[in-house]
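Take a look at the structure below.
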Amino acid sequence: MRLTRYLSVPLILASLAFNAQATPFIPSNGKQVLEQLPSRTDPAQRAFAELRKRLAANPNDPAIAGELAQAYINAARNDGDPRYLGYAQAVLKPWWGLPNPPISVLVLRATILQSTHQFPEALLDLNSVLKQDRNNAQAWLTRATVLQVQGQFAQAKASCMHLYPLAPELVTLTCLHNVGSLNGDATNSYATLATAYKKYEKNADSDAGTKIWVTTLLAEMAARLGDVKAAETWYQTALTLASPDSYLLGSYADFLLDQQRPAEVVKLLKDKTRVDALLLRYALALQAQKSSLAAGQISLLDQRFEAAMLRGDTVHQREQARYELQLKKRPAIALKLAQLNWAIQKETADLRILLEAAAAHEPEAAAPALAWLNQNKLQDMTLKPVLTKLGVKS
């Protein structure tokens with residue numbers, strides 16, 4: 001379902017959430033820092049510049065364009081900055097609107113559409129790729145990811161199965177067991193994947209990016225199973241492998257907040273607030289500490305979410321629902337946002353904020369999510385407090 005179907009509703013919510021019409025933000029003084037721009041000496045920026053130079057010399061070369069677009073997509077994932085996705089789309093502009101662009105462009109277009117939560121459109125592109133190339137491992141993996149996010153677990157598993165002859169064994173196992181951990185097989189999925197990872201990490205050729213991906217997922221699985229000690233160990237492993245990306249930082253921050261360890265969240269994220277999702281967690285940690293700094297961070301989030309509303313950006317509805325519920329104490333708005341988000345994606349965090357908002361405002365609104373929870377046999381101990389509030393035995 002297209003995100004644009006919901007564009008009018010978030011704009012209505014914006015009028016509820018913000019009392020005044022949007023006005024330009026004017027710095028209080030000339031020394032106020034609005035944003036830290038990447039340094040030109042940053043290796044990533046130098047790599048972008050070199051690729052842009054090559055593309056300028058060969059503007060119709062899809063291979064060079066694809067290389068630059070992929071670099072931007074990687075930056076968006078690492079930094080949590082959605083602008084890089086816009087840069088990637090701009091690079092692919094000569095082929096973006098074509099019904100049958102090169103396969104490499106189709107995969108990249110699907111990846112960008114997935115990242116902006118345009119899941120049906122992404123699946124159309126991925127299915128088109130796989131009709132032409134059944135051995136495209138990236139297309140199968142991305143397809144599995146999209147289907148999992150939508151809660152279509154059987155189809156996601158089927159896509160993972162296609163990876164067996166095409167991708168490294170650990171990638172295939174991670175794809176399968178990540179889905180299994182959300183669909184009634186959490187204990188076995190966690191144990192099997194942990195064993196596979198321990199075998200893989202001894203390999204001298206093991207890739208740091210793959211290690212971070214797998215250990216982060218293992219940490220989340222352990223947390224859902226209620227094994228706090230194991231979750232902490234996996235998170236610490238992931239954090240030491242390489243510079244953590246925004247997803248890992250957000251996931252670990254959520255774990256720490258659940259464990260009532262806000263001081264560690266503040267230390268972890270105080271220099272990472274350029275990313276909206278991390279700023280949210282930083283503000284939540286400051287609020288938990290009753291810090292005088294919390295009000296300023298909440299005000300900054302006000303500005304960022306207002307700007308997102310005006311852009312028609314619905315990608316961060318989950319985070320905005322959490323902001324409305326936990327920071328602004330407006331459960332009615334939080335519930336509306338959580339319901340809109342749930343219509344699009346069904347990850348465990350989407351389920352949790354919907355249940356929490358319903359419990360705070362309208363318990364009956366939790367019924368569809370609870371039915372989905374039972375149908376899919378999700379095991380998640382982090383849901384126990386909200387299920388108790390709703391009168392559900394976990």
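Not measured: the values here are computed from a predicted model.
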Contacts of type salt bridge (charged side-chain N to carboxylate O under 4.0 Å, His left out), residue [X], not counting sequence neighbours:
{"X": "Glu264", "result": "Arg261"}
{"X": "Glu362", "result": "none"}
{"X": "Asp245", "result": "none"}
{"X": "Glu67", "result": "Arg54"}

Do [X] and [Y] have side-chain atoms, one donor and one acceptor, less than 3.5 Å apart?
{"X": "Glu232", "Y": "Gln236", "answer": "yes"}
{"X": "Thr273", "Y": "Gln297", "answer": "no"}
{"X": "Tyr190", "Y": "Trp234", "answer": "yes"}

Are the side chain of [X] and the backbone of [Y] linked by a donor-acceptor contact shorter than 3.5 Å?
{"X": "Lys329", "Y": "Gln326", "answer": "yes"}
{"X": "Asp350", "Y": "Glu347", "answer": "yes"}
{"X": "Arg109", "Y": "Trp96", "answer": "yes"}

Can you name the side chain to side chain donor-acceptor pair (under 3.5 Å) partners of [X], sequence neighbours left out?
{"X": "Arg352", "answer": "Asp258, Glu356"}
{"X": "Asn127", "answer": "Arg143"}
{"X": "Gln287", "answer": "none"}

Leu218, Thr215, Leu256, Leu248 screened by side chain to side chain contact (heavy atoms under 4.5 Å, CB included) with Tyr235, the one that passes:
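Going through Leu218, Thr215, Leu256, Leu248 one by one, the side chain to side chain contact (heavy atoms under 4.5 Å, CB included) with Tyr235 is satisfied by Leu248 alone.
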Using side chain to side chain contact (heavy atoms under 4.5 Å, CB included) as the criterion, point out the one residue from Leu170, Leu241, Thr216 that pairs with Lys211.
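Considering Leu170, Leu241, Thr216, a side chain to side chain contact (heavy atoms under 4.5 Å, CB included) with Lys211 is found only for Leu241.
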Checking Leu337 against Ile333 for the side-chain contact (heavy atoms from CB on, under 4.5 Å) test, could you report, in this order, the C-alpha distance in whole Å, the side-chain angles of both residues, the deciding distance, and whether it holds?
CA-CA 6 Å; Leu337 286 163; Ile333 297 175; 4.0 Å; yes
Here the ring pair (Phe, Tyr, Trp, His ring centres under 6.0 Å) pairs for residues 345-364, sequence neighbours left out, are none
Got a sec, which pairs hit ring pair (Phe, Tyr, Trp, His ring centres under 6.0 Å) with one end in residues 159-185, sequence neighbours left out?
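Only Trp140-His162 qualify under ring pair (Phe, Tyr, Trp, His ring centres under 6.0 Å).
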Under the ring-ring contact (aromatic ring centres under 6.0 Å, His included) test, residues paired with [X] that sit two or more places apart:
{"X": "Tyr87", "result": "Tyr72, Tyr84"}
{"X": "Trp342", "result": "Trp372"}
{"X": "Tyr282", "result": "none"}

Answer yes or no: is there a side-chain heavy-atom contact under 4.5 Å between Arg281 and Arg322?
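Yes - at least one pair of side-chain heavy atoms lies under 4.5 Å apart.
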